[in-house]
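Residue numbering restarts at 1 for every chain, and letters A, B, ... go by the order of the sequence lines. Just so it is clear, the model here is predicted, and its values are computed rather than measured.
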Amino acid sequence: DAGVTQSPTHLIKTRGQHVTLRCSPISGHKSVSWYQQVLGQGPQFIFQYYEKEERGRGNFPDRFSARQFPNYSSELNVNALLLGDSALYLCASSFVSTGYTFGSGTRLTVV
Amino acid sequence: DQQVKQNSPSLSVQEGRISILNCDYTNSMFDYFLWYKKYPAEGPTFLISISSIKDKNEDGRFTVFLNKSAKHLSLHIVPSQPGDSAVYFCAALGGNEKLTFGTGTRLTIIP
């Protein structure tokens with residue numbers, strides 16, 4: 001049974017560019033959340049989607065957006081990339097509100 | 001405003017002995033707590049959780065203790081094994097399905 005899959009695993013972008021990160025949840029999981037982990041810190045909540053509706057948003061600028069598709073997969077989009085956006089981006093899926101399973105993440109480097 | 005704190009960035013423990021990782025929180029609305037383990041280049045892996053209506057939960061070598069009055073929880077690993085070497089994150093839920101993480105403790109088990 002496949003876990004949470006994220007793509008790509010690594011990405012290098014230039015300041016000002018746009019990036020799209022993708023996440024496929026565990027089969028049967030309808031909720032997907034996105035987290036940003038900067039080096040030396042714990043993951044920080046960005047978004048949660050449930051049944052294609054945004055259920056929560058963390059303290060991130062409007063350059064960050066996301067969506068969830070009918071098959072429950074999700075995309076995280078970041079516009080006008082800054083050096084400070086360099087981080088590990090984690091996707092988590094859940095079936096019940098306390099059971100979160102994380103993917104391996106996408107390592108984004110902005111140069 | 002760090003609502004979940006792990007004040008020890010690192011901890012070294014002899015193989016076979018007990019590892020104790022600590023976590024403090026400030027938000028009294030948190031009602032569910034989780035511990036995750038993270039290896040480099042992987043996403044966090046769920047270890048054990050506890051509801052605020054309990055003060056202890058045990059799963060094999062892992063036990064989590066919750067002291068609500070002190071807003072403190074701890075993870076005990078006994079006996080510690082070399083494969084336990086990783087970064088451990090404490091996380092909390094407060095009804096909005098958003099995980100709030102601590103900054104992590106790097107545990108090193110010395111053979």
Requested in this report: Run the numbers on Glu97(B) and Tyr100(A) for side-chain contact (heavy atoms from CB on, under 4.5 Å), then give the verdict.
Outcome: CA-CA 10 Å; Glu97(B) 301 184 38; Tyr100(A) 294 85; 3.3 Å; yes
When the 4.5 angstrom heavy-atom criterion is applied to Gln48(A) and chain B, the contacting part is side chain
The interface call for Ala41(B) against chain A, heavy-atom contacts under 4.5 Å, is backbone
In this structure, are over 12 heavy atoms from other groups packed under 6.0 Å from Asn71(A) atom CG?
yes
Among Gln6(A), Gln41(A), Arg107(A), the residue with the most heavy-atom pairs under 4.5 Å to chain B is Gln41(A)
Interface check, chain B: of Ser31(A), Pro43(A), Ser33(A), most non-hydrogen pairs under 4.5 Å belong to Pro43(A)
If one checks every heavy atom of Arg55(A) against chain B at 4.5 Å, the contacting part turns out to be side chain
Which atom pairs, one a donor and one an acceptor, fall under 3.5 Å between side chains of residues 71-78 of chain B and the rest of the protein, sequence neighbours left out?
unit_1   : atom_1 : unit_2   : atom_2 : d
His72(B) : ND1    : Cys23(B) : O      : 3.3
His72(B) : ND1    : Asp24(B) : OD1    : 2.8
His72(B) : NE2    : Asn22(B) : OD1    : 3.2
Ser74(B) : OG     : His76(B) : NE2    : 3.4

Under 4.5 Å between side-chain heavy atoms, counting indirect links through other Ile/Leu/Val/Met/Phe/Trp/Tyr residues: same cluster for Leu11(A) and Val78(A) or not? yes
### Message
Between Tyr36(B) (side chain only) and Phe102(A) (backbone N and O only), is there a donor and an acceptor less than 3.5 Å apart?
### Response
no
Side-chain atoms of residues 104-111 of chain B: list all donor-acceptor pairs with protein atoms under 3.5 Å, sequence neighbours left out, distances to 0.1 Å.
unit_1    : atom_1 : unit_2  : atom_2 : d
Thr105(B) : OG1    : Ser8(B) : O      : 2.6

Honestly, the part of Tyr35(A) sitting under 4.5 Å from a heavy atom of chain B is side chain
Worksheet entry | Single-linkage hydrophobic cluster, 4.5 Å side-chain cutoff, Phe45(A) and Tyr32(B) together | yes
With clusters defined by side-chain heavy atoms of hydrophobic residues (ILVMFWY) lying less than 4.5 Å apart, directly or transitively, does Ile53(B) cluster with Phe33(B)?
no
Are there over 12 heavy-atom neighbours, none belonging to Gln44(A), within less than 6.0 Å of that residue's CD? no
Nearest heavy-atom approach of Leu90(A) to Gly43(B) is CD2-CA, 3.9 Å
Cut-off 4.5 Å, heavy atoms of chain B, and the answer for Gln37(A) is side chain
